[in-house]
Amino acid sequence: MITIHTLASGSEGNAALVCAGDVHILVDAGISARRIETALRSLNRLPQALSAVFITHTHSDHTAGLRVLLKHTGAPVFASPAVCAALLRQIPGSASLLRPLCPGDAQAFGSLTVTAFATSHDTPGSMDYRFDCGGASAGILTDTGYVTPEAEAALAGVELLLLESNHDVEWLRSGPYPYSLKQRILGQRGHLSNEDAAAFARRMAECGTRCIVLAHLSRENNTPQRALAVMETALSGLDVTVEVAPRGELSACYGAEVALCRK
């Protein structure tokens with residue numbers, strides 16, 4: 001059994017807790033250490049109980065709380081070599097905790113295996129992760145301008161998928177953002193649109209995914225209702241539950257079994 005709680009999901013900050021038995025993995029630390037600890041305590045966890053921290057990339061909405069968090073946990077921090085090098089510069093004294101992991105590498109924690117894969121984002125060494133424990137499987141794919149072949153291959157067959165559905169393309173194009181920011185978000189090293197996320201979700205559902213949690217929604221260029229409408233149209237006729245992760249608070253429990261995904 002694998003469960004995921006998002007602690008926050010959006011441009012203001014991102015963090016998620018992945019659990020399998022006694023293994024507790026924090027993916028990203030983009031909110032304050034205090035907020036992370038408060039969320040963990042509400043789940044009857046402590047920072048000291050974390051088995052590891054996995055970082056996807058170095059943008060502050062994924063790393064802002066890491067420096068202080070590391071003062072409260074001795075958990076190793078896994079990330080790509082480029083991200084580890086950047087974190088070492090940002091967090092003096094962190095060398096003993098950093099564990100470089102390359103795309104395609106797998107790391108075992110008891111019965112849980114975490115496999116890294118490359119994403120396409122405008123920062124060096126960005127990666128996301130797949131989680132396997134016995135017959136249960138889950139994956140996270142956010143902060144990528146398109147679905148890389150590595151991501152598609154790595155995530156095939158996962159039961160539970162935390163998937164970026166960042167923006168509505170037309171809303172973004174007609175919105176107030178500066179032109180350069182619009183181009184960054186729309187580019188191949190930006191963020192997944194609702195339509196691109198939905199097309200990928202359809203392919204995933206056809207090969208076994210049964211619960212999809214939409215994540216990293218833009219506050220200005222999207223709404224949960226819009227993202228859900230696009231996703232549900234794409235998944236018409238398939239037995240898939242779709243949720244939207246809350247932006248700023250602890251989510252419900254999402255599980256690698258469909259019964260744990262709540263409508």
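These figures come from a predicted structure and were not determined experimentally. Sequence positions, counted from 1, serve as the residue numbers for this chain. Below, each value reflects all heavy atoms present in this structure, side chains not excepted, and no hydrogens, waters or symmetry copies.
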Quick one: are Val147 and Asp196 in side-chain contact, heavy atoms under 4.5 Å?
-> no
Non-neighbouring partners of Arg45 that pass side-chain hydrogen bond (donor to acceptor under 3.5 Å, both in side chains), sequence neighbours left out | His24
Is any side-chain heavy atom of His216 closer than 4.5 Å to a side-chain heavy atom of Asp61?
-> yes
Say you draw a straight line from CD1 of Ile212 to CG of Leu161; how long is it, rounded to the nearest 0.5 Å?
-> 6.0 Å
Regarding Ser165 and Asn194, is there a side-chain donor-to-acceptor distance under 3.5 Å anywhere?
-> yes
Side-chain (Thr209) to main-chain (Glu159) donor-acceptor, under 3.5 angstrom | no
So, Thr6 side chain and Ala8 main chain: donor-acceptor pair closer than 3.5 Å or not?
-> no
Could you tell me if the ring centre of Phe131 sits under 6.0 Å from that of Phe54?
-> no
Look at the side chain of Glu150 and the backbone N and O of Ala118, then say whether any donor-acceptor pair between them is shorter than 3.5 Å.
-> no
Please determine, by modelled atom types, if Thr119 and Asp128 share a side-chain donor-acceptor pair under 3.5 angstrom.
-> no
Look up atom CG in Leu50 and atom CG in Leu17, then write down how far apart they are to the nearest 0.5 Å.
-> 7.0 Å
Rounded distance (nearest 0.5 Å) linking atom CD1 of Ile55 with atom CZ of Arg99 | 14.0 Å
Does the side chain of Ser218 come within less than 4.5 Å of Ser11's, by heavy atoms?
-> no
Would you indicate whether the side-chain heavy atoms of His72 and Leu46 approach each other to under 4.5 Å?
-> no
For Arg184 and His59 the tightest heavy-atom approach is NH2-CE1, 3.6 Å
What heavy-atom pair brings Leu250 and Leu7 nearest, and what distance separates the two atoms?
-> CD1-CD2, 3.4 Å
Indicate the ring-plane relationship of His121 and His57, choosing parallel, tilted or perpendicular according to the 30° and 60° boundaries.
-> perpendicular
Taking it one step at a time, do Val213 and Ile4 satisfy side-chain contact (heavy atoms from CB on, under 4.5 Å)?
-> CA-CA 10 Å; Val213 181; Ile4 298 179; over 6 Å; no
Establish, from distance only, whether the side-chain atoms of Ser120 and Thr148 form a donor-acceptor pair under 3.5 Å.
-> no
Below 4.5 Å, heavy atoms only, C-beta onward: do Leu141 and Phe200 meet side chain to side chain?
-> yes
Passing option when Asp28 is tested against Thr142, Thr56, Asn14 for side chain to side chain donor-acceptor pair (under 3.5 Å) = Thr56
Donor-acceptor under 3.5 Å (Ser42 side chain, Ala39 main chain) | yes
Minimum heavy-atom distance Ala156-Cys207, with the two atoms named | CA-SG, 4.2 Å
Would you mind reporting whether Val77 and Ser94 have side-chain heavy atoms less than 4.5 Å apart?
-> no
Val23 with Val53, same ILVMFWY side-chain cluster at under 4.5 Å | no
Can you check whether Pro246's main-chain N or O pairs, donor with acceptor, with Ser251's side chain at less than 3.5 Å?
-> no
Side-chain heavy-atom pair Leu40, Pro47 within 4.5 angstrom cut-off | yes
Pairwise distance CE(Met1) to OG(Ser111) - rounded to 0.5 angstrom = 12.5 Å
Can you list the steps and then say if Leu69 with Leu26 is a side-chain contact (heavy atoms from CB on, under 4.5 Å)?
-> CA-CA 11 Å; Leu69 180 67; Leu26 184 71; 3.5 Å; yes
Short question: side chain of Arg247, backbone of Gly10 - any donor-acceptor pair under 3.5 Å?
-> no
Enter the distance from Thr63:OG1 to Gln90:CD here, rounded to the nearest 0.5 Å.
-> 5.5 Å
Arg130 side chain vs Ala151 backbone, donor-acceptor pair below 3.5 Å = no
Hey, is Glu37 close enough to Arg34 for a salt bridge, meaning N to O under 4.0 Å?
-> no
Using the side-chain contact (heavy atoms from CB on, under 4.5 Å) rule, take Gln48 and Thr73 through it: C-alpha gap first, then chi angles, then the decisive distance, then the call.
-> CA-CA 5 Å; Gln48 295 88 335; Thr73 178; 5.6 Å; no
Is it true that the side chains of Asp143 and His62 contain a donor and an acceptor less than 3.5 Å apart?
-> yes
Would a hydrophobic clustering, with Ile, Leu, Val, Met, Phe, Trp and Tyr connected at side-chain separations under 4.5 Å, put Leu66 with Ile31?
-> yes
Kindly compute the distance separating CG (Leu163) from CE (Met204), expressed to the nearest 0.5 Å.
-> 8.0 Å
Closest heavy-atom pair and its distance - Tyr254, Ala245 = OH-CA, 3.8 Å
When clusters are formed by joining ILVMFWY residues with side-chain heavy atoms under 4.5 Å apart, either directly or through shared neighbours, do Leu217 and Leu228 land in the same one?
-> yes
Is it true that Phe109 and Met127 fall in one hydrophobic cluster, defined by side-chain heavy atoms closer than 4.5 Å?
-> yes
Is Arg67 atom CZ crowded by more than 12 heavy atoms from other residues, nucleotides or ligands, each under 6.0 Å away?
-> no
Within the distance-only criterion (no hydrogens, no angle test), does the side chain of Ser80 pair as donor or acceptor with the backbone N or O of Val83 below 3.5 angstrom?
-> yes
Over all heavy atoms of both residues, which pair between Thr115 and Gly104 is shortest? Give the atoms and the distance, please.
-> CG2-O, 4.3 Å
Do the side chains of Val240 and Met231 get nearer than 4.5 Å, heavy atoms only?
-> no
Determine whether Val169 and Tyr177 fall in the same hydrophobic cluster, where Ile, Leu, Val, Met, Phe, Trp and Tyr are linked whenever their side-chain heavy atoms lie under 4.5 Å apart.
-> yes
Report the C-alpha distance between Leu186 and Arg173 in whole Å, list the side-chain angles of each, state the deciding distance to 0.1 Å, and finish with yes or no for side-chain contact (heavy atoms from CB on, under 4.5 Å).
-> CA-CA 9 Å; Leu186 291 168; Arg173 285 176 173 159; 4.0 Å; yes
Minimal heavy-atom distance between Ala20 and Cys133, with the atoms involved, is CB-SG, 4.0 Å
